[in-house]
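Quick notes on the structure that follows.
Chain letters run A, B, ... following the sequence lines, proteins first, then strands; residues in each count from 1. Given the structure is predicted, the values throughout are model-derived calculations rather than measurements.
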Amino acid sequence: MRPRPSLAWLPRGGASALPLPASRPYATPSRERFPSSSQRTLPVQDLTDDRDRYHAICAVSDGLPAYWRRAHRLVQLAVRQAHGGKMLLRIEDTDRARSTDAAIAAILDGLRWLELNWDGEPVYQYARSERHREVAERLLAEGKAYRCYASPEELQAMRDKARAEGGSPGYDGTWRDKDPALAPVGVAPAIRFKSPREGKTVIEDRIQGRVTFANKDLDDFVLLRSDGTPTYMLSVVVDDRDMDITHVVRGDDHLTNAARQTQLFEALGWDAPIYAHVPLIHGPDGAKLSKRHGALGVEAYREMGYLPVALRNYLVRLGWSHGDAEVISTEEMIAWFNLEAIGRSPARFDFAKLESLNGHYLRTMPDAEIVSHLKALVPHLGDADDILGRIGNDGWAKLERAMPGLKERAKTLVDLLESADYLFAERPLRPDEKAAKLLDDGGRETLAALLPDLSAVEPWSVSGLEACVRSFAERTDRKLGKVAQPLRAALTGHSTSPGIFDVLEVLGREEALGRIADQTGAPENA
RNA sequence: GCUCCCUUCGUCUAAUGGUUAGGACGCCAGGUUUUCAACCUGGAAACAGGGGUUCAAUUCCCCUAGGGAGUGCCA
């Protein structure tokens with residue numbers, strides 16, 4: 001298998017060719033950054049770049065609905081990766097019911113589409129459950145975990161009671177010290193972690209600063225389910241250790257988990273990784289985009305016609321900025337990005353801004369590149385067969401020729417496809433309402449008068465056509481618009497289109513004259 | 001309920017113990033123009049509220065309100 005480039009969207013020459021700051025591109029900055037707030041003290045770990053291994057998790061069970069905070073974070077991870085760290089991908093599929101092949105494939109597909117590549121092969125967590133069980137057994141043997149026989153009903157009653165009394169929620173520790181001899185027969189126990197009751201657990205988070213939890217508020221979580229399968233909480237800790245993960249960057253919905261995991265690491269005698277909890281992204285309406293609520297998957301954004309580069313630019317700006325920079329090239333992103341500059345407040349997803357960015361990238365992208373994006377996109381659209389049929393074999397070349405005028409006006413690839421429709425329309429065109437009106441208001445007469453002039457244009461080029469139409473307008477005392485608009489209507493069937501001379505040229509002499517004749521009723525070569 | 005996090009134009013954000021609080025998207029007006037875009041010029045638009053600290057607070061501290069996350073034998 002070919003080695004995967006560390007970052008697909010890295011410019012030629014790779015990260016080393018980039019203008020990175022000296023030896024430590026993302027050195028722990030600034031204790032000065034938050035000088036006066038003790039709550040925001042940053043960790044002072046000495047980072048060794050060549051062994052930084054970032055953790056890109058893709059939890060299958062919350063899969064697509066929660067995709068955005070993941071994508072957001074992954075963009076950031078990818079940028080870190082470009083600084084020399086490795087981005088490892090782990091599929092957290094410990095929840096068997098929800099981890100379907102289709103869900104996993106959709107995630108990997110989405111990542112590839114976004115051009116966010118990872119190092120090495122993805123690690124499938126479930127495949128390592130034997131190892132996870134071993135660790136649970138060790139904890140049990142060391143008295144750091146215990147068997148719990150509580151039934152779901154009892155657990156629910158505990159939670160209700162805790163809430164009613166306003167006390168700490170969660171498991172009350174009934175079986176923590178209970179004599180195992182009292183275990184009910186025929187009930188398979190879950191294994192729970194014996195978490196510390198006293199003191200506090202402190203996380204030195206690269207984004208959130210120092211966050212302190214009282215241990216009494218963290219209950220004895222389950223390590224092994226009663227069917228013997230390991231839970232996420234256990235698996236993550238073991239895998240972080242085994243994969244030698246140094247940095248965990250994830251959504252801040254995991255902040256509490258970081259505390260639990262820290263306790264586990266301590267119990268195991270292992271060092272916890274450095275955590276960086278990124279704020280979540282909200283929907284356009286401010287509603288949350290959590291796994292319990294709806295949100296679009298990454299493939300939906302592809303189908304809406306957004307460019308990966310635009311999405312990356314948009315996403316990286318959510319919660320992060322570099323002065324007034326808005327359009328940020330990949331090179332700049334890599335040179336400027338730092339975890340510490342990420343804000344701690346959640347951001348809303350704003351389609352208008354994404355569109356504007358997407359339009360910018362479209363306008364500045366080489367025509368051929370846009371065509372290849374289009375080719376990749378069309379099969380994913382609902383009416384793919386229809387579109388493909390209309391474009392036909394030679395349509396792509398025509399599309400590319402028309403691209404300079406088309407891309408100027410489009411916000412998304414889908415817009416672009418729609419506005420390119422006139423290229424593939426079959427004669428006679430059926431003008432839409434506005435176009436029909438343009439033709440009715442004396443337009444047909446104008447076109448009929450123009451047709452002979454146009455027929456005589458040689459060669460059929462933008463400059464020649466423009467000269468012809470302009471002189472016709474002047475000679476017949478018409479404003480250019482009075483000629484151009486009916487022409488547009490006849491040629492494209494719409495009242496808006498790319499520049500009319502471009503349209504004329506791209507369509508070609510025969511097709512263009514034919515379309516005009518269709519509307520005037522005149523023979524084509526009159 | 002309990003724990004943790006957050007709060008600058010509508011949105012994303014910048015800056016600062018003393019500023020006309022900056023930029024971008026969006027919006028409005030004008031310009032350019034063969035349409036629509038793009039582009040140019042201008043405009044409206046924000047420091048959640050209340051207390052402190054201070055000569056001075058948007059900035060530091062506290063409280064309140066509002067928002068978010070967690071609170072699972074989900075991840």
Side-chain angles (χ1 to χ4, degrees), chain A residues 36-37 57 59-63 66 92-95 97-99 125 148 150 152 155-156 159 162-171 188-192 208-209 211-214 216-219 221-227 229 231-233 235-236 251-257 259 277 279-280 282 284 286 288 290-292 314 317-327 343-357 359-360 363 405 408-411 419 434 438 466 469-470 473 479-485 487-489 492 494-501:
Chain A
S36 55
S37 170
I57 46 174
V60 180
S61 63
D62 61 5
E92 311 206 311
D93 55 353
T94 48
D95 183 343
R98 288 190 260 189
S99 303
Q125 198 154 46
C148 167
L155 292 172
Q156 190 54 48
R159 280 190 283 270
R163 180 176 284 246
E165 292 172 355
S168 297
Y171 183 68
I191 308 298
R192 280 182 190 271
Q208 303 289 333
V211 183
T212 305
F213 292 91
K216 66 176 173 52
D217 295 323
L218 269 13
D219 69 348
F221 53 90
V222 171
L223 262 18
L224 244 37
R225 302 186 183 93
S226 50
D227 66 0
T229 58
T231 59
Y232 157 79
M233 208 66 77
S235 301
V236 168
D252 72 5
D253 51 337
H254 280 284
L255 201 52
T256 318
N257 291 337
H277 287 92
L280 267 22
H282 292 186
K288 43 196 156 179
S290 83
K291 59 188 173 184
R292 294 183 172 92
Y314 177 71
R317 272 284 286 110
L318 245 30
W320 176 86
S321 65
H322 183 84
D324 286 342
E326 294 289 347
V327 175
R344 289 192 291 279
S345 55
R348 290 190 188 196
F349 197 96
D350 180 14
F351 279 96
K353 188 147 185 180
L354 207 211
E355 280 205 345
S356 132
L357 228 27
H360 168 83
R363 266 176 268 130
E408 199 64 30
R409 279 149 254 266
K411 290 264 193 278
S419 59
K434 286 180 184 168
L438 284 169
E466 177 160 4
V469 174
R470 281 190 190 277
K479 296 189 96 170
L480 186 53
K482 282 288 177 195
V483 185
Q485 280 304 84
L487 203 45
R488 191 184 314 282
T492 68
H494 301 290
S495 57
T496 67
S497 81
I500 197 62
F501 307 116

Checklist entry - What does rA38(B) pair with, Watson-Crick or G-U, if both distances are under 3.5 Å? => result none
Checklist outcome for this item: Asp350(A) CG to rA24(B) P, in whole Å, measures 15 Å
Item to check | Spacing of the P atoms in rU64(B) and rG72(B) (rounded, Å) | outcome: 26 Å
Item to check | Integer-rounded Å distance: rC4(B) C1' and Asp252(A) CG | outcome: 10 Å
Item to check | OP1 or OP2 of rC6(B) under 4.0 Å from side-chain N/O of Arg344(A) | outcome: yes
Checklist entry - Base, sugar-phosphate alone, or nothing: which one does Ser321(A) contact when heavy atoms must sit under 4.0 Å apart? => result sugar-phosphate
Checklist entry - What's the spacing between Thr231(A) OG1 and Ile191(A) CD1 if we round to 0.5 Å? => result 11.0 Å
Next on the checklist: Any N or O donor-acceptor pair under 3.5 Å from the base of rC73(B) to the side chain of Thr231(A)?
Outcome noted: no
Checklist entry - Taking the six-membered ring for Trp, are Tyr232(A) and His254(A) parallel (under 30°), tilted (30 to 60°) or perpendicular (over 60°)? => result tilted
Item to check | From rU3(B), rC73(B), rC6(B), nucleotide with atom closest to Leu155(A) side chain | outcome: rC73(B)
Next on the checklist: To the closest 0.5 Å, what do you measure between CG (Leu487(A)) and NZ (Lys482(A))?
Outcome noted: 14.0 Å
Checklist entry - Do Lys434(A) and Leu438(A) touch side chain to side chain, with heavy atoms closer than 4.5 Å? => result no
Item to check | pair Thr229(A)-Thr94(A): side-chain heavy atoms closer than 4.5 Å | outcome: no
Next on the checklist: Counting the atoms with a prime plus P, OP1 and OP2 as sugar-phosphate, which does Thr94(A) contact under 4.0 Å by heavy atoms, base, sugar-phosphate, or nothing?
Outcome noted: sugar-phosphate
Item to check | Identified pairing partner of rU3(B), criterion: Watson-Crick or G-U wobble below 3.5 Å | outcome: rA69(B)
Checklist entry - When we call it a touch if two heavy atoms are under 4.0 Å apart, what does Ala190(A) touch: a base, just sugar-phosphate, or nothing? => result base
Next on the checklist: Students often get this wrong, so: under 4.0 angstrom with heavy atoms, is Leu354(A) touching a base, only sugar-phosphate, or nothing?
Outcome noted: nothing
Checklist outcome for this item: Between Ala162(A) and Val236(A), the residue closer to the 5' end of RNA chain B by nearest nucleotide is Ala162(A)
Checklist entry - Using a cut-off of less than 4.0 Å, is there contact between a side-chain N or O of Arg163(A) and OP1 or OP2 of rU71(B)? => result no
Item to check | Residue whose closest nucleotide on RNA chain B lies nearer the 5' end, Thr212(A) versus Ala188(A) | outcome: Thr212(A)
Item to check | Heavy-atom side-chain proximity of Phe213(A) to Leu218(A) below 4.5 angstrom | outcome: yes
Item to check | Separation of atom CZ in Phe221(A) from atom P in rA75(B), rounded to whole Å | outcome: 12 Å
Checklist entry - So Val222(A) and Met233(A), side chain to side chain contact (heavy atoms under 4.5 Å, CB included) or not? Walk me through it. => result CA-CA 8 Å; Val222(A) 171; Met233(A) 208 66 77; over 6 Å; no
Item to check | Separation between the P atoms of rG70(B) and rC60(B), rounded to whole Å | outcome: 28 Å
Next on the checklist: Taking the C1' atom in each of rA56(B) and rC63(B), what is the distance between them to the nearest angstrom?
Outcome noted: 23 Å
Item to check | Integer-rounded Å distance: rG70(B) C1' and Tyr232(A) OH | outcome: 12 Å
Item to check | Span that lies between the P atom of rC9(B) and that of rU13(B), in whole angstrom | outcome: 11 Å
Checklist entry - Separation of Met233(A) atom CE from rG70(B) atom P, in whole Å? => result 12 Å
Item to check | Identified pairing partner of rU54(B), criterion: Watson-Crick or G-U wobble below 3.5 Å | outcome: none
Checklist entry - In whole Å, what is the span from the CG atom of Leu223(A) to the P atom of rA75(B)? => result 12 Å
Checklist entry - When you measure from the side chain of Leu255(A), which nucleotide among rC4(B), rG26(B), rC6(B) comes out closest? => result rC4(B)
Next on the checklist: Taking donor-acceptor contacts at under 3.5 Å, does the side chain of Glu165(A) reach the base of rG1(B)?
Outcome noted: no
Checklist outcome for this item: Here the distance between atom C1' of rC25(B) and atom CG of Asp324(A), to the nearest Å, is 14 Å
Item to check | rU16(B) versus rU53(B) - spacing of their P atoms, nearest Å | outcome: 26 Å
Next on the checklist: Stacking between His277(A) and rA69(B), defined as ring centres under 5.5 angstrom apart with planes under 30°, is that present or not?
Outcome noted: no
Checklist entry - Who is the Watson-Crick or G-U wobble partner of rU8(B), with both distances under 3.5 Å? => result none
Item to check | Leu280(A) side chain near Asp252(A) side chain, heavy-atom distance below 4.5 Å | outcome: yes
Item to check | P-based separation of rA45(B) from rG23(B) [nearest Å] | outcome: 14 Å
Item to check | Complementary nucleotide of rC47(B), counting Watson-Crick and G-U pairs under 3.5 Å | outcome: none
Checklist entry - So, does the side chain of Asn257(A) form a donor-acceptor pair with the base of rA75(B) at under 3.5 Å? => result yes
Item to check | Rounded distance [0.5 Å steps], OG in Ser419(A) versus NZ in Lys411(A) | outcome: 12.0 Å
Checklist entry - Mind checking the P distance from rC40(B) to rU32(B)? Whole angstroms is fine. => result 16 Å
Item to check | Selection from rA24(B), rU13(B), rC6(B) that lies nearest to any side-chain heavy atom of Lys353(A) | outcome: rA24(B)
Item to check | pair Leu318(A)-Asp350(A): side-chain heavy atoms closer than 4.5 Å | outcome: no
Next on the checklist: Taking any heavy-atom pair under 4.0 Å as a contact, classify Asp219(A): base, sugar-phosphate, or nothing.
Outcome noted: nothing
Next on the checklist: Please give the distance between the C1' atoms of rC62(B) and rU54(B) as a whole number of Å.
Outcome noted: 16 Å
Checklist entry - Considering only side-chain heavy atoms of Ala352(A), which listed nucleotide, rC25(B), rC12(B), rG22(B), is closest? => result rC25(B)
Item to check | Under 4.0 Å protein heavy-atom contacts per nucleotide of nucleotides 27-48 of chain B, with B for base, S for backbone only and - for none | outcome: -------BBBBSS---------
Item to check | Spacing of Phe349(A) atom CZ relative to rC25(B) atom C1', expressed in whole Å | outcome: 13 Å
Next on the checklist: Counting C-beta onward and ignoring hydrogens, is there a side-chain heavy-atom pair between Val236(A) and Gln125(A) closer than 4.5 Å?
Outcome noted: yes
Checklist entry - Hey, does Ala150(A) reach any base, or is it just sugar-phosphate, or nothing, if we go heavy atoms under 4.0 Å? => result base
Next on the checklist: At less than 4.0 Å, is any side-chain N or O atom of Arg159(A) found next to OP1 or OP2 of rG72(B)? Yes or no.
Outcome noted: yes
